[in-house]
2 protein chains.
Amino acid sequence: MQANKNFSIAIQICVFMDFKGQERYSSKELADSVDTNPVVIRRQLARLKAADLMQSQNGPNGGYYLTRSTDKITLWDLYAATREGDFFNRPKPNPDCVVGSNLKYLVEDTFYNAEMAMKPELEAVTIRDLSQKLTKILDC
Amino acid sequence: MQANKNFSIAIQICVFMDFKGQERYSSKELADSVDTNPVVIRRQLARLKAADLMQSQNGPNGGYYLTRSTDKITLWDLYAATREGDFFNRPKPNPDCVVGSNLKYLVEDTFYNAEMAMKPELEAVTIRDLSQKLTKILDC
DNA sequence: TTATTTGTAACATTATTAATTACAATATCA
DNA sequence: TGATATTGTAATTAATAATGTTACAAATAA
């Protein structure tokens, strides 16, 4: 399990960017913030780029930047960009067992519905919301 | 990531039991169905026992059985029994980064809401529903 | 009393994830 | 143009987590 982790890192990167307010961020800077390796960050950001949430520029003074305002990026956007694989996860059922081999079909509708039920909750929160909340916390 | 997998196995075991209609099932039988080791199954079932969904009996002709009718066991029951850890999963934030170290608090409400939004969807489906659906599929 | 089964700990193995190294491609700027 | 900084990605290694296995005590039925 770990679409969760990628999701969490994506949130952190975006909030970090909004909070800092720079133009661009190198993978090195972001890696320090997340406490991991720059290459790990670049791999993560490749997903966000694929979802048109992030852009990058090569060369000196290059780096990554968000393609739109942080009040237009919701947690659902990041969830969708970083999720992978099946919500329901039964990799290798015994093909001789009628239950195991059909279970996927039995539950896929329900699992889809469950996942979609989260959508409005995650859409209700933007990156801007989180970074403003953070600012408030730190003011105390 | 793998609360999902335990959840899936729990569903499979319960549907299997309803579908077969025996009194009890040894961990060996169940392991064959799931295609894994009996000890793995026993570990899984320990969770379901802790959630009062399953009981067991030692000795010859012993084994596992559900504590209540399968039309009273919902997918949410199994989800709750098998979930572990945080929905939001950022194990070791850099303590020097204000974003990373506070992120957990920023999102925990939203993540709780998102998880709870799934509840009615998962509560709407019982183990009985699934095993009846399976029977129908196999009749075709 | 014997056989069967759960419960669990300890260990071994396998699979997955993350980190690192390396380097080509690209872009900036003096 | 040349030096430098940066992304993109592949290949490798290291670390971590999950799974499978063995072993055996405790319980129970016949």
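Proteins get letters first, then strands, A, B, ... in listed order; numbering begins at 1 in each. In what follows, every heavy atom counts, from backbone to side chain, and hydrogens, waters and symmetry copies are set aside.
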Self-check item: Between dT5(C) (C1') and Leu30(B) (CG): distance, integer Å
Solution: 13 Å
Practice problem: Could you encode protein contacts along nucleotides 5-11 of chain D as a string, one character per nucleotide from 5' to 3', using B for base contact, S for sugar-phosphate-only contact and - for no contact, with a heavy-atom cut-off of under 4.0 Å? | Solution: BBBBBBB
Exercise. Using only side-chain N and O atoms of Thr36(B), determine if any of them is under 4.0 Å from OP1 or OP2 of dT19(D).
Key: no
Practice problem: Report the distance from atom CD of Gln55(B) to atom C1' of dA27(D), rounded to the nearest whole Å. | Solution: 14 Å
Practice problem: Kindly calculate the angle separating the two end axes of the helix from dT1(C)-dA30(D) to dA30(C)-dT1(D), each obtained from five base pairs, and round it to 10 degrees. | Solution: 10°
Quiz item: Side chains of Met17(B) and Gln22(B): does their closest heavy-atom pair fall under 4.5 Å?
Solution: no
Quiz item: To the nearest Å, how far apart are Arg47(B) CZ and dG7(C) P?
Solution: 14 Å
Quiz item: If you measure only the distance, is there a donor-acceptor pair under 3.5 Å linking the side chains of Thr126(A) and Asp129(A)?
Solution: yes
Quiz prompt | Asn37(B) side chain near dT21(D) phosphate (N/O to OP1/OP2, under 4.0 Å) | solution = yes
Quiz item: Looking at Phe111(B) versus Phe7(A), is the centre-to-centre ring distance below 6.0 Å?
Solution: yes
Self-check item: Transitive ILVMFWY side-chain link Tyr112(A) to Leu122(B), under 4.5 Å
Solution: yes
Quiz item: Whole Å only: how far is the CG atom of Asp35(B) from the P atom of dT21(D)?
Solution: 10 Å
Practice problem: Starting at atom CG of Asn6(B), determine the distance to atom P of dT19(D), rounded to an integer number of angstrom. | Solution: 7 Å
Self-check item: Side-chain donor-acceptor contact under 3.5 Å, Thr82(A) with Arg47(A)
Solution: no
Quiz item: When rounded to the nearest 0.5 angstrom, what distance separates CG in Leu130(B) from CG in Asp18(B)?
Solution: 9.0 Å
Quiz item: Any chance the side chains of Tyr64(B) and Glu29(B) put a donor and an acceptor closer than 3.5 Å?
Solution: no
Practice problem: With Asn6(A) as reference, evaluate Gln44(A), Arg83(A), Arg43(A) under the side chain to side chain donor-acceptor pair (under 3.5 Å) test and give the passing residue. | Solution: Gln44(A)
